[in-house]
Amino acid sequence: MSVTHRLTAPAPGWTTDTDVVVVGSGVAGLTVALNVRRAGLRAMVVTKAMLDDGSTRWAQGGIAAALGEGDTPEQHLTDTLVAGAGLCDGDSVRTLVTEGPDAVRRLIAVGAAFDRGEDGDVLLTREGGHHRNRIAHAGGDATGAEISRALVEAVRRDPDVELIEHALVLDLLTDADGHAAGLTLHVMGEGQRDGVGAVRARAVVLATGGMGQVFSATTNPAVSTGDGVALALRAGAEVTDLEFVQFHPTVLWLGPEAEGQQPLVSEAVRGEGAHLVDADGVRFMLGQHELAELAPRDIVAKAITRRMREHGTDHMYLDGRHFGAEMWQRRFPTILASCRAHGIDPVTEPIPVAPAAHYASGGVRTDTRGRTSVPGLSACGEVACTGVHGANRLASNSLLEGLVFAERIAADLTARLAAGDLPERVVDVEAARAARPVPLPAPEARAEIQRLMSRGTGVLRSAASMAATAAGLARLAEQTRAAVAEEKPADPRVETWEAANLLLVADALVTAAAQREETRGCHWREDFPERDDAHWQRHLITTLTASGGPVSTLEEP
């Protein structure tokens with residue numbers, strides 16, 4: 001399968017080669033790199049900012065695994081399936097929960113230091129949707145930062161892992177058989193590798209994280225612009241479940257005009273006993289679900305949104321005053337500092353919170369080995385859709401999924417090398433040239449995309465709201481084409497490439513969400529408020545047409 005679309009960009013001015021090129025430096029990407037290196041493969045890690053600037057380090061709550069006494073993978077599987085609202089892939093979930101505990105132990109062996117009790121055992125807590133204490137955490141509420149630290153240090157200790165920081169991936173390169181043969185990228189720096197270049201490789205692994213920046217308010221860092229999903233779509237890969245975007249229920253509310261990355265107030269705060277209340281101090285989650293504040297995230301986000309509507313306000317409150325100062329400082333030092341930096345003291349007052357875009361349950365469609373529909377292209381972490389999360393991710397399964405499936409990708413590549421199935425690849429230069437260039441929107445399109453998506457395709461959706469979003473996105477696309485026709489195209493640079501990626505993933509997300517006429521998991525349709533298993537207990541698979549527009553197809557039953 002040849003690349004059919006590519007970003008408008010200068011021709012590569014330099015070329016390098018490796019065995020496996022990994023795009024992304026979170027838990028998924030770094031785990032792949034470390035594991036393929038142990039097998040003797042050369043590895044290159046390409047990352048958009050600094051090595052530790054991805055989404056992993058922002059993860060507060062922890063990593064879920066059946067590590068505690070009395071807990072079992074089977075119980076973890078049950079909780080995951082319930083949260084996934086009928087769309088989880090059973091084999092993928094079983095893989096996750098059975099391989100997860102040992103994967104966490106191997107992470108500890110790499111150097112990740114989890115919080116431990118006086119007996120030396122890893123401390124475990126609960127989060128929404130879990131019926132057992134199975135969330136391992138580090139630094140109280142700095143789990144992602146600790147995991148990132150340990151993996152970054154391990155990668156930096158290996159001189160044979162080549163690193164390219166400040167590099168935005170552009171497009172996939174393939175050989176004459178349609179097998180991934182490398183990628184193009186743009187390095188934001190000075191020196192030998194500056195500007196657009198090409199990396200030739202035997203295999204390509206996407207671990208680029210999410211696409212939270214497609215919305216105005218998100219917990220995702222600024223680099224999360226859907227680059228991996230956009231690249232995969234342009235390369236002809238299948239993506240799935242894009243309509244299932246999880247909105248974290250408790251994000252620090254900074255005012256009605258706040259945009260961009262917002263501070264997360266971890267689910268673990270509720271796991272330790274904090275209560276959701278309205279302005280009158282009423283605990284409105286009681287009676288909504290058997291787990292009250294610890295119900296799955298979609299249920300909590302919907303309950304908060306309903307209560308906000310009823311009260312005509314744009315936030316609710318999370319009350320943890322009964323914790324006391326010592327517990328806040330010991331268990332949630334990061335959140336405490338973040339709140340205080342914004343003029344809120346959780347020790348003495350409730351925290352204003354509101355839902356914000358948090359995690360993409362969908363992404364590039366893979367099997368249990370991380371293989372996509374494009375030969376030689378693998379994906380893991382938030383950019384991938386392994387089928388683990390279904391319609392709504394269970395809390396703290398994300399770090400575990402990145403870890404487990406990264407190990408499986410590395411094992412798959414190692415086995416293929418041993419079998420002689422991972423030869424050096426020759427880039428099909430003619431196919432790359434024949435790919436249709438994608439026109440680039442102006443940089444200011446980014447903010448308009450975010451406003452359109454938040455207004456019409458956020459927590460609450462309807463046919464009318466999503467039609468308005470789609471129309472707005474179409475106007476932006478037409479303005480972009482008109483500028484090219486008038487010979488006034490936007491300059492190829494990071495801001496315009498990111499805007500193009502956001503426009504594509506926004507269009508693909510709305511296409512899928514508008515087609516799914518039901519409410520399931522974190523996809524909430526006001527005009528179709530019920531779950532409809534008879535028609536919709538199936539996945540929507542999205543690809544690009546020859547003209548470059550997304551089309552979603554319901555998979556066969």
Let's go through E349 and R321 carefully: what are the C-alpha distance in whole Å and the side-chain angles of both, what is the deciding distance for salt bridge (charged side-chain N to carboxylate O under 4.0 Å, His left out) to 0.1 Å, and is it a yes or a no?
CA-CA 6 Å; E349 60 186 316; R321 289 175 291 180; over 6 Å; no
Would T80 and V82 count as a side-chain contact (heavy atoms from CB on, under 4.5 Å) here? Give the steps.
CA-CA 5 Å; T80 300; V82 169; over 6 Å; no
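- Counting all heavy atoms, side chain and backbone alike, A85 lies closest to G521 at CB-N, 3.9 Å.
- Inspection of the Y359 and H389 side chains reveals an N or O donor paired with an N or O acceptor under 3.5 Å.
- No donor-acceptor distance shorter than 3.5 angstrom exists from the side chain of E146 to the backbone of A112, with no hydrogens or angles considered.
- For the pair V277/V282, no side-chain contact is recorded, criterion being any heavy-atom separation below 4.5 Å from C-beta on.
- Of all non-hydrogen atoms in P159 and R157, the two that sit nearest each other are CD-O, 3.2 Å.
- No side-chain heavy atom of Y317 sits less than 4.5 Å from a side-chain heavy atom of D278.
- Annotation: the span from F114 atom CZ to L124 atom CG amounts to 10.0 Å, rounded to 0.5 Å.
- The line from CG of L51 to CG of L30 is 5.5 Å long, rounded to the nearest 0.5 Å.
- The heavy-atom pair separating A28 from A406 by the smallest distance is O-CB, 3.3 Å.
- Without hydrogens or angle criteria, T78 side chain to E74 main chain gives a donor-acceptor distance under 3.5 Å.
- Put simply, the side chain of R270 reaches to within 4.5 Å of the side chain of P249, judged on heavy atoms.
- E99 contributes no side-chain N or O that, together with a main-chain N or O of V404, makes up a donor-acceptor pair within less than 3.5 Å.
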What do the steps show when you test R408 against D412 for salt bridge (charged side-chain N to carboxylate O under 4.0 Å, His left out), and what is the final call?
CA-CA 6 Å; R408 292 181 70 83; D412 182 49; over 6 Å; no
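- With D241 contributing its side chain and G362 its backbone, the two residues share no donor-acceptor pair below 3.5 Å.
- Shortest non-hydrogen contact noted between V32 and A410 is O-CB, 4.2 Å.
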In sequence, state the C-alpha distance, the side-chain angles, and the governing distance for T31 and L151, and then conclude on side-chain contact (heavy atoms from CB on, under 4.5 Å).
CA-CA 7 Å; T31 298; L151 291 172; 4.0 Å; yes
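- The main-chain N or O of N392 is never found under 3.5 Å from a side-chain atom of Q246 such that the two would form a donor-acceptor pair.
- Between L252 and V353 there is no side-chain heavy-atom pair separated by less than 4.5 Å.
- In this structure, a donor-acceptor pair under 3.5 Å is absent between the side chains of D79 and H130.
- Classified by interplanar angle (parallel below 30°, tilted 30° to 60°, perpendicular above 60°), the ring pair F247/F215 is perpendicular.
- In this structure, E162 contributes its side chain and A43 its backbone to no donor-acceptor pair below 3.5 Å.
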So E498 and R446, salt bridge (charged side-chain N to carboxylate O under 4.0 Å, His left out) or not? Walk me through it.
CA-CA 8 Å; E498 285 185 333; R446 175 173 181 153; 2.9 Å; yes
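- The shortest distance between side-chain heavy atoms of V388 and F405 falls below 4.5 Å.
- Counting heavy atoms from C-beta outward, L242 and V505 have side chains that stay 4.5 Å or more apart.
- For the residue pair H76 / N397, a side-chain donor-acceptor distance below 3.5 Å is found, with atom types taken as modelled.
- Taking CD of E153 as the start and CG of D158 as the end, the distance is 14.0 Å to the nearest 0.5 Å.
- Taking CG from D115 and CZ from R330, the interatomic distance works out to 9.5 Å, rounded to the nearest 0.5 Å.
- When each of E127, R126, Q75 is tested with R134 by the rule side-chain contact (heavy atoms from CB on, under 4.5 Å), just one qualifies, namely Q75.
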Starting from the C-alpha separation in whole Å, work towards a yes-or-no answer on side-chain contact (heavy atoms from CB on, under 4.5 Å) for E407 and R106.
CA-CA 10 Å; E407 289 188 344; R106 286 188 288 272; 2.8 Å; yes
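- Considering all non-hydrogen atoms of both residues, A295 and V300 come closest at O-CG2, 3.4 Å.
- Ring geometry for F323 versus W328: interplanar angle of 30 to 60°, hence tilted.
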Would you check, one step at a time, whether the test side-chain contact (heavy atoms from CB on, under 4.5 Å) holds for E290 with H131?
CA-CA 11 Å; E290 61 169 333; H131 284 77; 3.7 Å; yes
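- For the residue pair T219 / H248, no side-chain donor-acceptor distance below 3.5 Å is found, with atom types taken as modelled.
- In this structure a side-chain-to-backbone donor-acceptor pair under 3.5 Å is missing from D102 to V104.
- Under the 3.5 Å distance criterion, the side-chain polar atoms of S396 are matched with a main-chain donor or acceptor of G62.
- When every heavy atom of G376 is checked against every heavy atom of R416, the shortest pair comes out as CA-NH1, 4.4 Å.
- A donor and an acceptor atom, one from each side chain of R371 and T366, are nowhere located under 3.5 Å apart.
- With no hydrogens or angles considered, a side-chain donor-acceptor pair links K48 and T225 at under 3.5 Å.
- Between the side chain of R149 and the backbone N or O of G144, no donor-acceptor pair lies under 3.5 Å.
- Side-chain contact check for F244 versus R393: every heavy-atom pair is 4.5 Å or farther apart.
- For the 3.5 Å distance criterion, the side chains of N220 and Q261 fail to qualify, holding no donor opposite an acceptor.
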Between E243 and R520, is a salt bridge (charged side-chain N to carboxylate O under 4.0 Å, His left out) present by the stated rule, with each step listed?
CA-CA 10 Å; E243 65 270 36; R520 182 186 297 271; over 6 Å; no
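- A side-chain donor-acceptor contact under 3.5 Å links E401 and T386.
- A donor-acceptor contact closer than 3.5 angstrom links the side chains of T125 and E272.
- Residues L168 and L185 form no side-chain contact, since every pair of their non-hydrogen atoms from C-beta on lies 4.5 Å or further apart.
- No donor-acceptor pair closer than 3.5 Å links the side chain of S92 to the backbone N or O of G387.
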